[in-house]
Amino acid sequence: MKALTLFTSTTASALLAAAAFITPAIAADLTVGANIGNVPWEFQNASGETVGFEIDLINEVGKRLGKSVEFVNVPFNGLFSAVQSGRINMAVSSITITDKRLQSVTFAQPYYDSDQSLTVTAASGITGLSGMEGKVVGVDTGSTGDMWATNNGSQYKFGEIRKFEGLSPAMLDLVAGRIDGYISDIPALLYYVKDKPDLKVVERIPTGEKYSVMFNKDDPLAKEVNDVISTLKKEGFVAKLHETWFGAKAEDTTSTVMVMDMPVGK
């Protein structure tokens with residue numbers, strides 16, 4: 001999903017965002033930061049419970065490690081500084097592994113292959129990126145969608161790139177006509193629009209992204225979690241999560257099924 005433009009120095013805003021959302025007194029063995037509201041990875045259901053693919057995955061990882069887990073809500077941009085400062089033990093939120101990120105954090109092996117996408121209102125008549133000339137594009141701040149739109153905006157002649165802190169506020173502006181399209185992770189958008197006929201995912205944007213759990217650089221916990229994920233893949237647990245949350249069988253050639261090495265930066 002998401003990529004920051006700077007990693008070598010932590011911005012004051014990111015530190016403040018992380019500090020504002022993290023409860024200081026957490027009794028659990030593992031404190032996990034997540035941008036709650038990121039469907040179907042981590043979000044609140046109608047009963048107010050925090051649920052999702054990554055919630056189920058990390059809870060099972062904690063169980064296998066014999067450790068209790070506490071999820072704390074952190075804005076996406078704040079996850080990086082929170083991990084690096086040790087305020088949380090790990091972070092999830094469909095976080096994409098990138099070489100740039102691997103310079104300052106560590107990831108376990110990936111468990112989901114993804115791309116970006118363009119979502120519009122059905123009434124707009126827009127059928128793809130070619131229809132976004134002069135239009136306002138929404139993205140999540142610091143995300144890989146943000147990076148893609150910035151790098152390709154001139155090619156598609158976007159009128160403006162407007163940044164949001166998560167899917168929900170972007171969708172409100174899209175429906176209200178304040179933006180014309182929203183570029184973000186395709187699994188989240190396909191899940192979001194499946195019962196909303198007024199919204200359409202009109203184009204997949206190939207980026208070859210892979211999601212994983214993020215840790216502070218060289219944290220030994222990363223290897224422990226990675227080994228558990230290997231076991232869960234072999235047992236079919238991760239593939240079952242895919243069926244539960246996406247309603248489809250994971251392909252055998254994807255990182256959801258295949259045991260993979262921990263990523264190493266170039």
Side-chain angles (χ1 to χ4, degrees), residues 1-3 28-35 38-42 51-69 71 79-80 83-84 88-117 143-144 185-188 190-191 204 206-266:
M1 178 181 179
K2 313 189 175 185
D29 298 320
L30 298 176
T31 306
V32 184
N35 182 23
N38 179 33
V39 295
W41 306 101
E42 42 273 323
V51 297
F53 183 110
E54 289 174 318
I55 301 298
D56 289 348
L57 176 63
I58 298 303
N59 276 331
E60 185 65 22
V61 168
K63 179 181 176 182
R64 299 297 180 99
L65 291 175
K67 297 179 183 293
S68 58
V69 174
F71 289 94
L79 291 172
F80 301 87
V83 161
Q84 291 171 316
I88 58 178
N89 300 114
M90 63 180 85
V92 292
S93 276
S94 53
I95 306 175
T96 300
I97 303 164
T98 70
D99 288 332
K100 188 171 185 179
R101 287 175 175 171
L102 285 166
Q103 294 173 13
S104 53
V105 296
T106 293
F107 285 95
Q109 64 179 289
Y111 46 75
Y112 192 86
D113 301 346
S114 183
D115 288 312
Q116 292 296 298
S117 63
S143 68
T144 43
D185 299 5
I186 195 165
L190 289 174
Y191 185 90
R204 175 184 285 268
T207 52
E209 299 174 50
K210 294 183 184 296
Y211 300 161
S212 189
V213 190
M214 182 173 69
F215 305 81
N216 194 15
K217 186 70 172 175
D218 299 326
D219 187 340
L221 178 62
K223 177 64 166 55
E224 295 181 50
V225 171
N226 185 80
D227 289 347
V228 173
I229 292 174
S230 290
T231 298
L232 295 178
K233 285 184 179 182
K234 292 174 184 176
E235 293 177 359
F237 180 89
V238 185
K240 182 62 178 176
L241 286 183
H242 190 282
E243 290 190 49
T244 298
W245 288 105
F246 294 102
K249 186 177 184 295
E251 296 179 12
D252 292 342
T253 55
T254 66
S255 63
T256 301
V257 176
M258 296 177 63
V259 174
M260 307 183 81
D261 293 332
M262 290 179 65
V264 178
K266 296 178 181 178

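The two residues Ile97 and Ala108 have their closest heavy-atom pair at CD1-O, 4.1 Å. The minimum heavy-atom distance linking Ala91 with Leu79 is given by the pair CB-CD2, 4.0 Å. In this structure, Ser104 and Lys217 approach most closely via the heavy-atom pair O-CB, 3.5 Å. Nearest heavy atom pair, residue Asp29 against residue Gly66, reads OD2-O, 4.2 Å. Scanning all heavy atoms of the two residues, the minimum distance from Gly62 to Val69 falls at CA-CG2, 3.8 Å.
Few gaps surround CG on Asp99; more than 12 heavy atoms of other groups in view lie less than 6.0 Å from it. Environment of CD in Glu251: sparse, with no more than 12 heavy atoms of neighbouring residues, nucleotides or ligands closer than 6.0 Å.
Separation of the Tyr191 and Phe53 ring centroids does not fall under the 6.0 Å cut-off.
If you take OG1 on Thr106 and CG on Asn226, they are separated by 11.0 Å, rounding to the nearest 0.5 Å. Rounded to the nearest 0.5 angstrom, Phe237 CZ and Glu60 CD are separated by 4.0 Å. The CE atom of Met262 lies 9.0 Å from the CD1 atom of Ile229; values are rounded to the nearest 0.5 Å. To the nearest 0.5 angstrom, Ile58 atom CD1 is 9.0 Å from Leu30 atom CG. In this structure, CD1 in Ile186 is found 9.0 Å from CD in Gln116, a value given to the nearest 0.5 Å. Atoms CG and NZ, on Asp218 and Lys223 in that order, are 14.0 Å from each other to the nearest 0.5 Å.
In terms of the side-chain contact (heavy atoms from CB on, under 4.5 Å) criterion, residue partners of Ala250 (sequence neighbours excluded) are, by chain and number, His242, Thr254, Thr256, Val257.
Ile95 is listed as a side-chain neighbour of Phe107, based on a closest heavy-atom distance under 4.5 Å. When side chains are defined from C-beta on, Leu102 does not count as touching Val264, because their heavy atoms never get closer than 4.5 Å. Tyr112 is listed as a side-chain neighbour of Pro187, based on a closest heavy-atom distance under 4.5 Å.
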Practice prompt. Give the C-alpha distance, both sets of side-chain angles, the deciding distance and a yes or no for side-chain contact (heavy atoms from CB on, under 4.5 Å) between Phe215 and Val225.
Written response: CA-CA 10 Å; Phe215 305 81; Val225 171; 3.7 Å; yes
Fill in: Pair Asp56-Trp245, side-chain contact (heavy atoms from CB on, under 4.5 Å): steps then yes or no
CA-CA 10 Å; Asp56 289 348; Trp245 288 105; 3.0 Å; yes
Worksheet item: Run the side-chain contact (heavy atoms from CB on, under 4.5 Å) check on Glu209 and Asp113 step by step: do they pass?
Response: CA-CA 6 Å; Glu209 299 174 50; Asp113 301 346; over 6 Å; no
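Among the candidates Ser255, Ser230, Ser212, the single residue satisfying the side chain to side chain donor-acceptor pair (under 3.5 Å) test with Gln109 is Ser230. In summary, of the residues considered (Asn59, Val32, Val92), a side-chain contact (heavy atoms from CB on, under 4.5 Å) with Glu54 occurs for Val92 alone. Under the side-chain contact (heavy atoms from CB on, under 4.5 Å) test applied with Val83, the options Ile88, Asn89, Val213 reduce to a single match, Ile88.
The backbone N or O of Ala34 lies less than 3.5 Å from no partner atom in the side chain of Ser93, so there is not a single donor-acceptor pair. The closest donor-acceptor contact from the side chain of Thr231 to the backbone of Asp227 lies under 3.5 Å. Here the side chain of Lys233 pairs a donor or acceptor atom with the backbone of Met258 at under 3.5 angstrom. A donor-acceptor pair under 3.5 Å is formed between the side chain of Asp115 and the backbone N or O of Gly208. Looking only at distances, a side-chain donor or acceptor of Asp219 sits under 3.5 Å from a matching main-chain atom of Leu221.
Between Arg64 and Glu235, at least one side-chain N (NZ, or NE/NH1/NH2) sits under 4.0 Å from a carboxylate O, which counts as a salt bridge.
Classified by interplanar angle (parallel below 30°, tilted 30° to 60°, perpendicular above 60°), the ring pair Trp41/Tyr211 is perpendicular.
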